[in-house]
Amino acid sequence: MDTRYNPSNIETAVQQRWQDSNAFAVTEDPRREKFYCLSMFPYPSGKLHMGHVRNYTIGDVISRYQRMRGRNVLQPMGWDAFGLPAENAAIDNKVPPARWTYANIDYMRGQLQRLGFAYDWSREIATCKPDYYRWEQWFFTRLYEKGLVYKRTAAVNWCPTDETVLANEQVIDGCCWRCDTRVVRKEIPQWFIRITAYADELLAGLDNLPGWPEQVKTMQRNWIGRSEGVEVDFELAAGAEKLAIFTTRPDTIMGVTYMAVAAEHPLALRAAENNPAVAAFIEECRHAGTAEAELETMEKKGMPLGLEAVHPLTGGRIPLWVANFVLMGYGTGAVMAVPAHDQRDHEFARKYGLPITPVIFPADGGDPGIDEAAYVESGVLKNSGTFDGLPSEQAKGAIADALEQSGHGRRQRHYRLRDWGVSRQRYWGAPIPFFNLPDGGVIPVPPERLPVLLPEEVAMDGVRSPIKQDPVWRKAEHAGRAVERETDTFDTFIESSWYYARFCCPDQDQGMLDERVHYWLPVDQYIGGIEHAVLHLLYARFFHRLMRDLGLVRHDEPFANLLTQGMVLKDGAKMSKSKGNTVDPQRMIDQYGADTVRLFIMFAAPPDQSLEWSDSAVEGAFRFLKRLWKFADQVVALPRIDLAACQLDAEQRQVLCRIHETIVKVNDDIGRRYTFNTAIAAVMELMNTLQRLDPANAGNQALLHAGLDAVARLLAPIVPHITQAIWEALGHTEMLIDAPWPEANPEFMQREEITLAVQVNGKRRDEIRVPVDATEDAIKEAAMNSENTRRFVAGRDLRRVIVIPGRLVNIVLA
RNA sequence: GCCGGAGUGGCGGAAUUGGUAGACGCGCCAGACUCAAAAUCUGGUUCAGGCAACUGAGUGGGGGUUCGAUUCCCUUCUCCGGCACCA
């Protein structure tokens, strides 16, 4: 053993050994319990950032732990390779997106290997390759046959100067990021997948996911947003038209004082024809973005249309407005407004001097107090004709009945969740496999003509997609007719919605998936950033059900357990190029080695919390490994003494006890709690204990060997290189990854005496040592007689004494 | 704006089911080794008072429940994540 800790030599040699023995390649083995551990695959942006390192270290620690526990562990890795940044890089560097992407993949693969992650590289996937995306093209055409995909118009951000669609992140303060032109909303035809048809199932499924964090399930429930309400038809005062709205508060319907429609609503457009003010307002509305956050925070504006609707129950006239906060395409594009009982309606009514009529009053007979803000709670109805006196909950039913009986409405279930728009007007994505006909019809590309290949050697002009401006690519023939290929590509969330299944059978070229998925799925542990709590994780759950309904997979849910990791911060802020506070993982690996980086990142915080980067704490992690190395070097030089042959004294028995307590603690922290930081702290404590032992004593020599053996195994998942090298120095020939996880022996963990805290009125005043089997009375007596306690108890009335076994005694005084 | 989180020493964090607040590490201080420095090792380190024993205060702020609250409830402030075309 080299007396100096040299991480780069150690790590190179150990990684070579793993590679030579093909240590992480796995195949299905029905006799063994499988464990599928998956970290969210990265977008190949160029090089790894600390968020990746954290994500993949967590996954690797869990994988290596499960392997030592005897499981057949699958840990694959791949590349979420389509996406917008490649197009931007292509323009900046005059390199085709494909070439840029493949170069990034090659570099980042090298970085992952240098970090020593136990991946089965034979299963590597890049989603931009035809052998991957052909299957989602095939799948999409199957969904079309089942009626689960459809085409309709939807709004996009449009730059009139560049004549191109912009992503939300490309819109800065309402303007195009490249040319600063004001962006407008434009309706264009797009493809949708009917996720709403699965809304109920996706909602109910959350109840069967005990291995998911409650916060993520809550976010998904709120996102789906199921609500029960009534769709109500308001007839227009002039003409026979109807205006349908949805409300969850039919009890407030007598308080409707105005209605509002979206700027794109046919009624608004018609009113604009002979009302220039309305036309100007609608034009202004076109400049609002498509992002919900923007729409919700912008100033609410509106304008009367000069039209009136008829209240379905009272027959009263209600003015119709056009408003910028009502959106076409979300629901019916129209809302009823009850300013007394809805805050947004209240603000709007006050701004434009519209009447505010309270119809719900607090049940205790108080005043709803609607001058300053809406009264949004439930209560008792007033000013509501025959419904007066009913509590809100009853009134909802009664009014719904009345509307249904008069033919003016129907009870309805409503979702906040909207169908999944998957069309992107970009080049670097999987082409949507359809032929467009001159008459506007569409034909799915037949399976034998898939994949629809995306050309890779292209020049990007920065505005138009190369396939959109290539007439040769667009031109195709179907059944003897001239047709045109669809030039929109898929949302990249499609690729990431099924990659976890493809990892089970990445080489299958006759189908999307094969029977191997039945062995590996579901994923036992999925690890990724909390920022994916809703979109990616909901789409993947949805896609999994679509695959299930085509008979491709068996379970309902793709991910049995989910771990959402926090951000990596520096100086309290998320690392980003614009803030200039990034730390390059590569520099850290070069300077300290992979083990130090892994150790720091697992020690600095529990995985679900944000992690504050600290150069000096990295230094500390490195120092610990140096100390571990030196300690191991000293221990392997000692005579090997069998613990069973030793007569240990009381102090030595306590050290043995601590070794076994540490095994219990680390096993629980890694295997159940996922608090790797406390697992590492426990091993550090054990090391501190072991290093205080006098190595000249024979009993201590046995303890040091036993202790080092335990430390090497317990730290193996976290710092796999240094522990493997120590393992070899201890004389083992088989690899540490194949050694069994240590087991604690309860025989060594029995204690004779324990320490209890003594409190007086809840304040800690002293401590006592008592035999483990002491009776409650004996404990009380010892507590009352302890020196410091007596000073506080003296001369005061004793109320009671509370004994918490194994913890403390609380003496309560009057 | 809406939804979901997080606030504990100088810093990262620990306290697992309501039971000894500050484990472990960083930093800092002192000491050892050294001509000296680095490295390493040993000890100390929540704040205030005290030579000390010890005492008082203390988990973003305010209030509550309890023998006992970082933990449960109400309220409030600040920061972070998501909001459907960034991934």
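Residue numbers start from 1 in every chain, and the chains themselves are labelled A, B, ... in the order their sequence lines are given, proteins ahead of strands.
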- C1' atom, B/rA69 versus B/rU17: distance in rounded Å? 14 Å
- Note on the structure: Given the 90°-from-0 boundary between syn and anti, B/rG63 should be labelled anti
- Message: When you measure only distances, ignoring hydrogens and angles, does the side chain of A/Asn222 come within 3.5 Å of the base of B/rC3 through a donor and an acceptor?
- Response: no
- Message: Checking base pairs now: Watson-Crick or wobble, both atom distances under 3.5 Å. What partners B/rG58?
- Response: none
- Message: Give me each pair satisfying salt bridge (Lys or Arg N to Asp or Glu O under 4.0 Å) with a member in residues 756-766 of chain A, each pair once, sequence neighbours excluded.
- Response: A/Arg764-A/Glu767
- Euclidean distance, atom CG of residue A/Asp608 to atom C1' of B/rG81 [Å, nearest integer]: 13 Å
- Provide, to the nearest angstrom, the distance between the CD1 atom belonging to A/Ile172 and the P atom belonging to B/rC86. 11 Å
- Item | Nearest-angstrom distance, P atom, B/rC79 to B/rU8 | 15 Å
- For atom C1', what is the distance between B/rG19 and B/rC54, given to the nearest Å? 24 Å
- Query: When we call it a touch if two heavy atoms are under 4.0 Å apart, what does A/Val758 touch: a base, just sugar-phosphate, or nothing?
  - Reply: nothing
- Side chain of A/Glu292 - closest among B/rA87, B/rG56, B/rG1: B/rG1
- Reckon A/Arg799 touches a base, only the sugar-phosphate, or nothing at all at heavy-atom distances under 4.0 Å? nothing
- Query: If we take the C1' atom in both B/rU65 and B/rG18, what is their distance in whole Å?
  - Reply: 11 Å
- Message: I'd like the C1' distance from B/rA84 over to B/rC47, given in whole Å.
- Response: 49 Å
- C1' gap between B/rC33 and B/rA52, integer Å: 32 Å
- Task: Using the six-membered ring wherever Trp is involved, compare the ring planes of A/Trp629 and A/Tyr5 and label them parallel, tilted or perpendicular (cut-offs 30° and 60°).
- Result: tilted
- Determine, for A/Trp223 and A/Arg416, whether the Lys NZ or Arg CZ falls below 6.0 Å from the six-membered ring centre while staying within 45 degrees of the axis. yes
- Under 3.5 Å on both distances, the Watson-Crick or G-U partner of B/rC86: none
Could you pull out the protein-nucleic contacts involving nucleotides 13-16 of chain B (nitrogen or oxygen on both sides, under 3.5 Å)?
| from | atom 1 | to | atom 2 | distance (Å) |
| --- | --- | --- | --- | --- |
| B/rG13 | OP1 | A/Ser610 | O | 3.4 |
| B/rG13 | O3' | A/Asn677 | ND2 | 3.4 |
| B/rA14 | OP1 | A/Asn677 | ND2 | 3.2 |
| B/rA15 | OP1 | A/Arg673 | NH1 | 3.1 |
| B/rA15 | OP1 | A/Arg673 | NH2 | 3.0 |
| B/rU16 | O4' | A/Arg673 | NH1 | 3.4 |
| B/rU16 | O2 | A/Arg672 | NH2 | 2.6 |
| B/rU16 | O4 | A/Lys665 | NZ | 2.5 |

- Message: Taking B/rG4 as the reference, what is the distance to B/rC73 when you measure between their P atoms (whole Å, please)?
- Response: 14 Å
